Colleague: 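Below is one structure. I have some questions about it.
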2 protein chains.
Amino acid sequence: MTLREKVEKRVAAFLDTCRRQGVKATHQRTEILRELAGSEEHPDAETILGRVRRRVPAISVDTVYRTLRLLEDKGVIARVGSMRDRARFDANTDRHHHFVCTECGMIGDFYSDAMDRFPVPREVSEMGSVEGVYVELRGICRKCKQKAMKTEGRTGEQP
Amino acid sequence: MTLREKVEKRVAAFLDTCRRQGVKATHQRTEILRELAGSEEHPDAETILGRVRRRVPAISVDTVYRTLRLLEDKGVIARVGSMRDRARFDANTDRHHHFVCTECGMIGDFYSDAMDRFPVPREVSEMGSVEGVYVELRGICRKCKQKAMKTEGRTGEQP
DNA sequence: CCTCCTCTCGTAATAATTACGATTTAGTAA
DNA sequence: TTACTAAATCGTAATTATTACGAGAGGAGG
């Protein structure tokens with residue numbers, strides 16, 4: 001299957017998702033996805049805007065950002081790297097990794113020898129030389145989980 | 001060794017680094033590092049500013065941001081998550097990971113079964129439930145490496 | 001074709017981070 | 001200690017990515 005075909009398949013699948021979920025399958029959305037699906041280089045929003053504009057000259061920044069968020073929410077595309085808006089810092093200089101709560105942003109350190117010395121796949125050695133590993137486990141922390149339970153379980157306790 | 005002692009050790013080490021590298025060991029820098037080293041919660045710049053202000057009321061935002069960058073450059077602290085300023089997107093929905101060039105920002109995809117199904121350390125299970133793994137290998141890509149070679153090797157070629 | 005509701009456009013607002021010019025301070029050596 | 005100088009800080013303004021908003025356009029179903 002050629003790249004062009006792959007792209008069209010992804011686009012078609014997205015159009016389907018739209019119909020099923022009552023979301024409008026607009027020209028702009030289609031072109032944004034088409035652009036992204038046909039690219040290997042993980043472009044940023046501005047780059048995508050520039051490229052899509054060649055085909056849809058009047059498209060706006062807002063639309064691009066909104067669409068990218070939409071596609072991300074539907075699981076059609078992914079955001080690379082940290083999803084947080086503000087930088088967070090860490091004074092722990094020992095080699096370690098992080099657990100991040102996607103609900104409240106809590107970050108915990110942990111140690112894993114195995115993750116430190118991950119064997120580098122050949123694929124990667126061909127891209128360049130690896131100098132560091134960044135591992136982030138993502139999930140829901142204890143506190144948020146308990147909070148969620150309580151909220152669900154609202155069945156008659158007094159305020 | 002108590003936490004307080006650890007913190008002071010880190011601070012002392014930093015003051016040493018300053019002297020050796022001709023960087024000034026200011027009160028503000030010391031307090032920022034002291035705050036960060038004594039914290040387990042990976043605070044953001046604003047939080048650090050607020051806390052340090054209790055002890056150094058006139059400290060400015062600029063100083064905090066500048067100092068954090070300095071400490072990061074010296075390897076005294078680390079930034080959690082992505083270091084990039086703009087979001088990057090990825091339409092590859094297959095389970096995969098990324099290689100990122102810290103020089104030019106190039107991003108490449110790769111696949112690793114081993115990394116996908118990594119056993120979650122007990123430490124982490126105690127923090128919460130893990131729902132996803134994000135792995136990023138960082139280094140220098142082929143292209144940047146070649147460029148660096150050429151630049152180094154400037155020994156007599158004409159412009 | 002018509003209506004409704006969602007989506008888009010253009011631009012303004014927001015929020016994190018960085019830059020700037022005047023002033024202060026650490027480091028150093030007399 | 002004092003004096004000197006480069007570097008750092010302060011307060012604020014500028015910059016940059018991203019999000020919000022109001023008016024109008026367009027897709028989907030009747």
Side-chain angles (χ1 to χ4, degrees), chain A residues 11 14-35 42-50 52-74 76-77 79-89 105, chain B residues 11-12 14-36 42-50 52-74 76-77 79-89 105:
Chain A
V11 170
F14 170 62
L15 297 181
D16 243 41
T17 307
C18 287
R19 266 165 228 132
R20 258 200 307 281
Q21 305 202 15
V23 173
K24 289 195 177 168
T26 67
H27 183 46
Q28 290 88 337
R29 286 173 177 174
T30 309
E31 287 307 314
I32 289 169
L33 176 58
R34 206 192 300 279
E35 184 57 49
H42 309 80
D44 58 26
E46 196 188 329
T47 305
I48 295 170
L49 173 65
V52 172
R53 242 182 200 156
R54 300 202 285 239
R55 279 169 285 146
V56 190
I59 197 168
S60 75
V61 256
D62 186 32
T63 300
V64 172
Y65 278 99
R66 244 184 318 96
T67 302
L68 289 171
R69 252 183 302 159
L70 175 80
L71 294 173
E72 193 187 354
D73 290 347
K74 300 285 179 208
V76 177
I77 66 168
R79 191 177 291 256
V80 181
S82 170
M83 84 260 8
R84 274 168 264 92
D85 35 5
R86 344 159 64 121
R88 300 275 293 264
F89 298 89
Chain B
V11 170
F14 170 63
L15 297 182
D16 242 42
T17 307
C18 287
R19 265 165 230 132
R20 258 200 306 281
Q21 306 202 13
V23 173
K24 291 193 178 171
T26 68
H27 183 44
Q28 291 88 335
R29 286 173 177 175
T30 310
E31 288 306 314
I32 288 168
L33 175 58
R34 207 192 299 281
E35 183 58 48
L36 201 48
H42 310 79
D44 58 25
E46 197 188 328
T47 304
I48 295 169
L49 174 63
V52 173
R53 243 182 200 156
R54 300 203 285 239
R55 279 170 285 146
V56 189
I59 198 168
S60 75
V61 257
D62 186 33
T63 300
V64 171
Y65 278 99
R66 245 183 318 96
T67 301
L68 289 171
R69 251 183 302 159
L70 176 79
L71 294 173
E72 192 187 356
D73 290 347
K74 300 288 177 204
V76 178
I77 66 168
R79 192 177 290 255
V80 181
S82 171
M83 85 260 7
R84 273 167 265 91
D85 35 6
R86 343 158 66 123
R88 301 275 293 265
F89 299 89

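Just so we're on the same page: letters track the sequence lines, and every chain starts at 1. All values reported here derive from a predicted model rather than from experimental measurement.
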Colleague: Tell me: CG of B/Leu70 to C1' of D/dA8, nearest whole Å?
Modeller: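 The answer, rounded to whole Å, is 11 Å.
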
Colleague: Sub-3.5 Å donor-acceptor pair from the side chain of B/Arg29 to the main-chain atoms of B/Lys24, do we have one?
Modeller: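 Side chain of B/Arg29 to backbone of B/Lys24, a donor-acceptor pair under 3.5 Å: yes, one is there.
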
Colleague: What's the CG-P distance between B/Leu49 and D/dG11, to the nearest Å?
Modeller: 11 Å

Colleague: Think A/Thr63 has a side-chain N or O under 4.0 angstrom from the OP1 or OP2 of C/dC9?
Modeller: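 Checking A/Thr63 against C/dC9: at least one side-chain N or O falls below 4.0 Å of OP1 or OP2.
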
Colleague: As a test of reading the structure: which of D/dC10, D/dT9, C/dC9 is closest to the side chain of A/Ser60, going by heavy atoms?
Modeller: C/dC9

Colleague: Among B/Thr63, B/Ile48, B/Leu49, B/Leu33, which one satisfies side chain to side chain contact (heavy atoms under 4.5 Å, CB included) with B/Leu68?
Modeller: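 The single option meeting the side chain to side chain contact (heavy atoms under 4.5 Å, CB included) with B/Leu68 is B/Ile48.
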
Colleague: Among C/dT25, C/dT11, D/dG27, which nucleotide sits nearest the side chain of B/Lys24?
Modeller: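 When the side chain of B/Lys24 is considered, C/dT25 is the closest of C/dT25, C/dT11, D/dG27.
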
Colleague: Below the 4.0 Å mark, does D/dT19 have OP1 or OP2 next to a side-chain nitrogen or oxygen of A/Tyr65?
Modeller: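 It does not, given that no N or O in the side chain of A/Tyr65 lies less than 4.0 Å from OP1 or OP2 of D/dT19.
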
Colleague: Could you state the atom-to-atom distance from CG of A/Asp16 to P of D/dA28 in whole Å?
Modeller: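 The answer, rounded to whole Å, is 13 Å.
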
Colleague: Separation of A/Phe89 atom CZ from C/dA16 atom P, in whole Å?
Modeller: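 One finds 13 Å between P of C/dA16 and CZ of A/Phe89, rounded.
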
Colleague: Between A/Thr26 and C/dT8, is there a side-chain N or O to OP1/OP2 distance below 4.0 Å?
Modeller: yes

Colleague: Starting at CG of B/Leu71 and ending at C1' of D/dA8, how long is that distance when rounded to a whole Å?
Modeller: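 Those two atoms, CG and C1', are 14 Å apart.
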
Colleague: When you match B/Ala58 and A/Val61 each to their closest nucleotide on DNA chain D, which lands nearer the 5' end?
Modeller: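 It is B/Ala58 whose nearest nucleotide is closer to the 5' end.
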
Colleague: May I have the distance from A/Gln21 (atom CD) to C/dT6 (atom C1'), rounded to whole angstrom?
Modeller: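 To the nearest whole Å, that distance equals 15 Å.
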
Colleague: With a 4.0 Å limit, can you tell me whether A/Arg29 has a side-chain N or O closer than that to the phosphate oxygens OP1/OP2 of C/dC7?
Modeller: yes

Colleague: Mark yes or no for whether A/Arg88, through its side chain, and B/His42, through its backbone, hold a donor-acceptor pair below 3.5 Å.
Modeller: yes

Colleague: Does a side-chain N or O of B/Gln28 approach OP1 or OP2 of C/dT25 to a distance below 4.0 Å, or not?
Modeller: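 The answer is no; no side-chain N or O of B/Gln28 sits under 4.0 Å from OP1 or OP2.
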
Colleague: Report yes if a side-chain nitrogen or oxygen of A/Arg69 is closer than 4.0 Å to either non-bridging phosphate oxygen (OP1 or OP2) of D/dT19; otherwise report no.
Modeller: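 The answer is yes; a side-chain N or O of A/Arg69 sits under 4.0 Å from OP1 or OP2.
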
Colleague: Let's see if you can work this out: which of D/dA17, D/dT9, C/dC9 has an atom nearest to the side-chain heavy atoms of A/Glu46?
Modeller: D/dA17

Colleague: Rounding to an integer number of Å, can you tell me how far B/Ile59 CD1 sits from C/dT25 P?
Modeller: 13 Å

Colleague: Let me see the working for A/Glu31 and A/Arg34 under salt bridge (Lys or Arg N to Asp or Glu O under 4.0 Å), right down to the final yes or no.
Modeller: CA-CA 5 Å; A/Glu31 287 307 314; A/Arg34 206 192 300 279; 3.3 Å; yes

Colleague: Given C/dT8, is OP1 or OP2 found less than 4.0 Å from the side-chain N or O atoms of A/Arg66?
Modeller: yes

Colleague: Given atom CZ of B/Arg53 and atom P of D/dC10, what is their separation to the nearest angstrom?
Modeller: 9 Å

Colleague: Among C/dC7, D/dT18, D/dA20, which is the nearest nucleotide to the side chain of A/Ala45?
Modeller: D/dT18

Colleague: Determine whether A/Thr67 and A/Leu71 make a side-chain contact, defined as any pair of heavy atoms from C-beta on separated by less than 4.5 Å.
Modeller: yes

